[in-house]
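Everything on this sheet refers to the single structure shown next.
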Amino acid sequence: MQPPSAPSYSSGLVWFRRDLRTEDQAALYHALTQCQQVHCAFVFDTDILDALPRTDRRVEFIRETLVELDAALRTLSGHDHGGLIVVHHAAAADAVPDLAAALDVEAVYTNHDDEPQAIARDASVRTRLAAQGRALHTFKDHTVFERSEVMTQAGHPYSVFTPYKNAWLKKVDAFYLSSYPVERHAARLAPRPAGHRRPVPTLAALGFEPAGLAQLKIPTGSQGAHQLLADFIERIDKYEDTRNFPAVKGPSYLSVHLRFGTISPRLLARTAHERASQGSPGAATWLSELIWRDFYFQILYHHPHVVTDSFKPAYDAIAWETGPEADALFAAWCEGRTGYPLVDAAMAQINQTGYMHNRLRMVVASFLVKDLGLDWRRGEAYFALQLNDFDLSANNGGWQWASSSGCDAQPYFRIFNPVSQSEKFDPEGKFIRRYLPQLAGLPNAALHAPWKAKPLELQSAGVQLGGNYPLPIVDHDTARQQTLERYAVVKASA
DNA sequence: TTGATGTTCAA
DNA sequence: TGAACATCA
């Protein structure tokens with residue numbers, strides 16, 4: 001017997017978005033338990049894709065993943081034509097209600113997406129479905145806790161991470177971390193209706209060019225995610241000791257899979273939580289990173305103004321550098337031509353692979369804002385285009401943290417020294433040499449600040465400053481002073 | 001009858 | 001996990 005609150009339909013449609021898996025998928029589970037027949041759809045949303053350059057690793061990642069998801073749904077359903085309906089290249093706000101009508105489903109099921117644009121899109125879809133007499137049911141799926149699930153005693157959303165984390169850990173239990181048993185109900189997956197049996201469209205059909213995911217060895221789909229997880233489980237106990245060194249294989253590399261939902265956040269949190277409770281400090285630290293993720297989702301939900309403005313309004317009084325010189329500095333940062341090897345190597349990493357080590361994200365962000373005096377939003381926008389794992393909430397949170405304008409951000413007078421960060425976190429220069437081969441011949445002592453190297457060292461390493469490697473585009477100590485002055489308006493208005 | 005123990009279910 | 005419900009001697 002169904003509880004009275006759970007609806008019961010003859011047919012429903014699951015709209016996949018950033019939850020591209022069958023395992024432990026909230027919307028899919030609820031659809032399967034509430035509908036006799038369940039259809040599945042994904043929309044390559046032109047409202048998002050049209051703004052992107054024609055080569056985008058993420059579009060390729062999604063496409064590869066959909067091919068796997070389609071096969072997984074077919075296997076689960078047990079019939080040849082079970083599985084995914086791809087509505088390609090349309091505005092999702094139109095395509096979903098249209099498809100719901102074409103299939104004549106009573107309800108559409110999807111998972112919460114709390115980015116402001118997604119909220120607006122989903123509200124419009126809900127209205128259009130309602131006009132046809134159809135329901136839209138949405139569920140938490142991307143985080144362990146969302147929206148207003150973790151609140152202060154006073155009933156406010158947290159804006160400081162540590163108390164948020166403590167409350168999160170206090171609230172979490174085995175049930176919140178348990179998986180939705182999707183497989184048990186897979187028999188209700190509908191056969192794909194005739195007229196909807198097209199294969200997943202090719203990249204070319206979507207108007208994109210190959211981005212070389214295979215060469216980058218970025219594993220896609222649920223299978224790729226599980227492969228990475230298995231590898232990380234072997235290393236998780238060492239995570240705390242290794243995670244800050246970009247030359248070391250310390251991170252999980254699962255961020256892109258969390259982005260597209262090719263692995264369940266609950267599964268990851270459960271794995272980390274179990275291991276942490278058995279006394280693994282690495283697992284506890286990694287769990288903390290997952291909690292940061294929930295924290296920033298929750299911040300974006302409660303404070304959507306962070307998309308365009310500083311979390312702390314006082315920081316909007318800061319005057320950033322503008323004009324042609326600032327534009328030239330920005331271009332040098334983007335292209336990894338700052339003359340600071342760790343910054344340039346990090347930018348080479350993001351440009352070549354779509355990934356950047358987390359420590360380096362902080363270093364290059366601090367450099368853009370506090371050495372070049374450029375608006376954090378310019379860096380945020382560049383990351384948004386380049387990062388395979390780009391997520392508005394975490395990216396915005398990270399940039400506002402670095403610029404000190406965010407919730408629980410570092411204080412404005414804390415300015416990373418790009419050379420000391422380099423000496424500390426890439427002491428042997430392994431990471432720098434990997435991405436800046438033109439500097440590989442320099443001794444370790446000269447690698448972090450080549451402009452201080454002896455002429456003979458440079459010569460024997462084949463380095464010509466201002467030639468095959470740039471001179472520093474700014475002097476850190478001078479820039480530091482200017483930044484303190486630039487940020488003085490914050491103190492004044494506080 | 002009732003308390004002890006097992007099962008289900010929630011999101 | 002833990003509340004609610006079911007079963008049983």
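Here the structure is a predicted model, which is why all the values come from computation and not from measurement. Note on naming: letters A, B, ... go to the chains in the order of the sequence lines (proteins, then strands), and numbering restarts at 1 for each one.
- Taking atom NZ of A/Lys171 as the reference point, atom P of C/dG2 lies 13 Å away to the nearest angstrom.
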Can you give the dot-bracket line for DNA chain B, using ( ) for pairs inside the strand, [ ] for pairs that cross earlier ones, | for pairs with another strand and . for unpaired bases, where Watson-Crick and G-U count if both distances are under 3.5 Å? .|||||||||.
Output side-chain donor-acceptor pairs under 3.5 Å for residues 203-220 of chain A, partner residues at least two apart or in another chain, one line each.
none

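- If you measure from atom OH of A/Tyr176 to atom P of B/dC9, you get 19 Å, rounded to the nearest angstrom.
- With sequence neighbours left out, the side chain to side chain donor-acceptor pair (under 3.5 Å) criterion links A/Gln25 to A/Asn111.
- C/dT1 atom C1' lies 16 Å from atom CZ of A/Arg266, rounded to whole Å.
- Ring to ring, A/His30 and A/Tyr180 are close: their centroids are under 6.0 angstrom apart.
- The CG atom of A/Leu32 sits 16 Å away from the C1' atom of B/dA11 (whole-angstrom rounding).
- Where stacking is scored as ring centres under 5.5 Å apart with planes under 30°, A/Phe175 registers as stacked on the base of B/dA10.
- When heavy atoms are screened at a 4.0 angstrom cut-off, A/Phe139 is found touching no nucleic acid atom at all.
- Each salt bridge (Lys or Arg N to Asp or Glu O under 4.0 Å) pair with one or both residues in residues 251-268 of chain A, not counting sequence neighbours, appears once here: A/Asp24-A/Arg266, A/Asp141-A/Arg266.
- Residue pairs satisfying the salt bridge (Lys or Arg N to Asp or Glu O under 4.0 Å) criterion with at least one member in residues 285-298 of chain A, sequence neighbours excluded, are listed as follows: A/Arg243-A/Glu289.
- Residue pairs satisfying the salt bridge (Lys or Arg N to Asp or Glu O under 4.0 Å) criterion with at least one member in residues 267-283 of chain A, sequence neighbours excluded, are listed as follows: A/Asp237-A/Arg275.
- In this entry the distance linking OH of A/Tyr29 with C1' of B/dA10 reads 9 Å, nearest Å.
- For A/Arg270 and C/dT1, the CZ to P distance is 12 Å, given to the nearest whole Å.
- B/dA10 atom P lies 18 Å from atom CZ of A/Phe145, rounded to whole Å.
- Atom NZ of A/Lys140 is separated from atom P of B/dA11 by 10 Å (rounded to the nearest Å).
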